[in-house]
Amino acid sequence: MTQRIAVIGTGTIGASWAAIFLARGLDVAASDPSPEGEAFARRFIANAWPTLDKLGWVALGASPDRFSFHMDPAAAAAGADFVQESGPEREDLKIKLFATIDAAAPPETVIASSSSGLLISRVTVACKHPERCIIGHPFNPPHLIPLVEVVGGARTSQTAIDKAMAFYRAIGKHPIHIKKEVRGHVANRLQAALWREAVHLVAEGVVSVADADAAVAYGPGLRWALMGPHLTFHLAGGEGGMAHFMDHLAPAVQTWMDDLGATRLTPQVQQEIVAGVAEEAGSRSIADLQRWRDRKLIDILKVSDSP
Ligand SMILES: NC(=O)c1ccc[n+]([C@@H]2O[C@H](COP(=O)([O-])OP(=O)(O)OC[C@H]3O[C@@H](n4cnc5c(N)ncnc54)[C@H](O)[C@@H]3O)[C@@H](O)[C@H]2O)c1
């Protein structure tokens, strides 16, 4: 039974992972070399707890007190049933860190990296047991967002993938299995594809930054909170569903696809986007916008089918 989770690296992502693991009634053994690491994690967990409670995600017997902190990552990983690594996004650092965790954790324990874009095949080059290592890529903040992308490397076993998928499901996440290692996994690539076109349209003077955002947030984004683009177009096909959508609209959509831009993020384009966002944000500070987003996010999570 999975009971003790090692959280290695307790920054933005690690502290948030620790909060949801604890809320699900698990023990967390954490490690971070920063002198601020422990205090940051404890503060983060305390702040997240009332939200998790409001969402009904706190299991019976769960407690923030089931958090322990160890300066040595090997001490946190020893005896862990699952390891979630969330150290800095640097391949050289993760290679060393994975070698340390791999040497300390029981050989059947799955070691997952939160990495946003590194390849697990490379991160595990110094591991004795690379077969139990995977990417378990969350979305910020992991204590609230259900998606986890699970990616195996060239030497990952199917058993490790199955165990990771089952573990994330058991704690109320929505894991998806990515069958091949690709840069940025899947969700970040999808975000990049949409953003590339938004930047292109701004750079070409077709639309302002604020209106490009409105075109997502007040339109398709509302449906995307409930279902992805395929199911959305299945419904756009009426009674005939996706098959009719393809018959009717595929040729038109193909012409739009063929016309999409490939603008690059040159310094000039970056400047234009930064200025456009400043105008869009107006007097709202980043903290104001964050508070507003998190409140609304909780409302959306309450009505969605997640946990
Ligand atoms: N921030 C995001 O939106 C996001 C989303 C998904 C995944 N990720 C991934 O999560 C990981 C962590 O990102 P973050 O945003 O939390 O970064 P962060 O800078 O907030 O946290 C990194 C933590 O790692 C600690 N650290 C430094 N050296 C370490 C070592 N040798 N061993 C263990 N810990 C060490 C740091 O002290 C820090 O607390 C990265 O791989 C990143 O790609 C980030």
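Read the numbers this way: they start at 1 and go in the same order the structure lists the ligands and their atoms. Since we're looking at a predicted model, the values are computed, not measured. Worth knowing before you read on, the calculation uses all heavy atoms, side chains too, and leaves out hydrogens, waters and symmetry mates.
- For atom 34 (N) of ligand 1, a protein heavy-atom neighbour is found at a distance under 4.0 Å.
- For the residue pair E89 / S116, no side-chain donor-acceptor distance below 3.5 Å is found, with atom types taken as modelled.
- Of all the heavy atoms of H137, the ones lying under 4.0 Å from any atom of ligand 1 belong exclusively to the side chain.
- Residue contact check: N140 has heavy atoms under 4.0 Å from atoms 3 (O) of ligand 1.
- For atom 17 (O) of ligand 1, the nearest protein heavy atom is 4.0 Å or more away.
- Ligand 1 has at least one atom lying under 4.0 Å from a heavy atom of S115.
- Here is the list of ligand 1 atoms found below 4.0 Å of a heavy atom in L97: 32 (N), 33 (C).
- Near K94, the atoms of ligand 1 lying under 4.0 angstrom from a non-hydrogen atom of the residue are 40 (C), 41 (O).
- Shown in contact with S34 at under 4.0 Å from a heavy atom are these atoms of ligand 1, numbered in order with element: 37 (O).
- Inspection of the H143 and S16 side chains reveals an N or O donor paired with an N or O acceptor under 3.5 Å.
- Ring geometry, H137 versus F139: the interplanar angle exceeds 60°, so the pair is classed perpendicular (tilted spans 30 to 60°).
- Counting protein heavy atoms only, atom 41 (O) of ligand 1 is closest to E89 OE1, 2.6 Å.
- Listed by atom number, the atoms of ligand 1 under 4.0 Å from P88 heavy atoms are 24 (O), 25 (C), 26 (N), 27 (C), 28 (N), 29 (C), 35 (C).
- The closest approach between a heavy atom of E36 and any atom of ligand 1 is not below 4.0 Å.
- With sequence neighbours excluded, the residues that form a salt bridge (Lys or Arg N to Asp or Glu O under 4.0 Å) with R42 are E38.
- The shortest side-chain heavy-atom distance between V202 and I273 falls under the 4.5 Å cut-off.
- On a distance-only criterion, S31 and ligand 1 share no N/O pair closer than 3.5 Å.
- The closest heavy-atom contact to atom 1 (N) of ligand 1, among the options I145, V7, I13, comes from I13.
- Among G87, S114, G9, the residue whose heavy atom lies closest to atom 40 (C) of ligand 1 is G87.
- Side-chain contact between R284 and W292 is absent, with no heavy atoms from C-beta onward closer than 4.5 Å.
- When hydrogens are left out, the protein atom nearest atom 22 (C) of ligand 1 is S86 O, 3.8 Å; that is the closest non-hydrogen contact.
- Interface of G11 with ligand 1, defined as ligand atoms under 4.0 Å from a residue heavy atom, comprises 16 (O), 20 (O), 21 (O), 23 (C), 39 (O).
- With contacts defined as side-chain heavy-atom distances shorter than 4.5 Å, the pair K302/L55 qualifies.
- Classification of the F82-Y168 ring pair by plane angle, with boundaries at 30° and 60°, yields perpendicular.
- Among all non-hydrogen protein atoms, the one lying nearest atom 30 (C) of ligand 1 is P33 CG, 3.8 Å.
- Taking a 4.0 Å cut-off on heavy atoms, P73 fails to register as neighbouring ligand 1.
- With hydrogens and angles left out, the side-chain atoms of D294 and Q290 include no donor and acceptor closer than 3.5 Å.
- Between D81 and R4 no salt bridge is recorded (no basic side-chain N to carboxylate O distance below 4.0 Å).
- The shortest distance between side-chain heavy atoms of S113 and L118 does not fall below 4.5 Å.
- Under the 3.5 Å distance criterion, the side-chain polar atoms of Q3 are matched with a main-chain donor or acceptor of G25.
- In this structure, of I8, T10, D32, L93, the residue bringing a heavy atom nearest to atom 31 (N) of ligand 1 is L93.
- Remark: ligand 1 atoms within the under-4.0 Å shell around heavy atoms of S116 are 6 (C), 7 (C), 8 (N), 9 (C), 42 (C), 43 (O), 44 (C).
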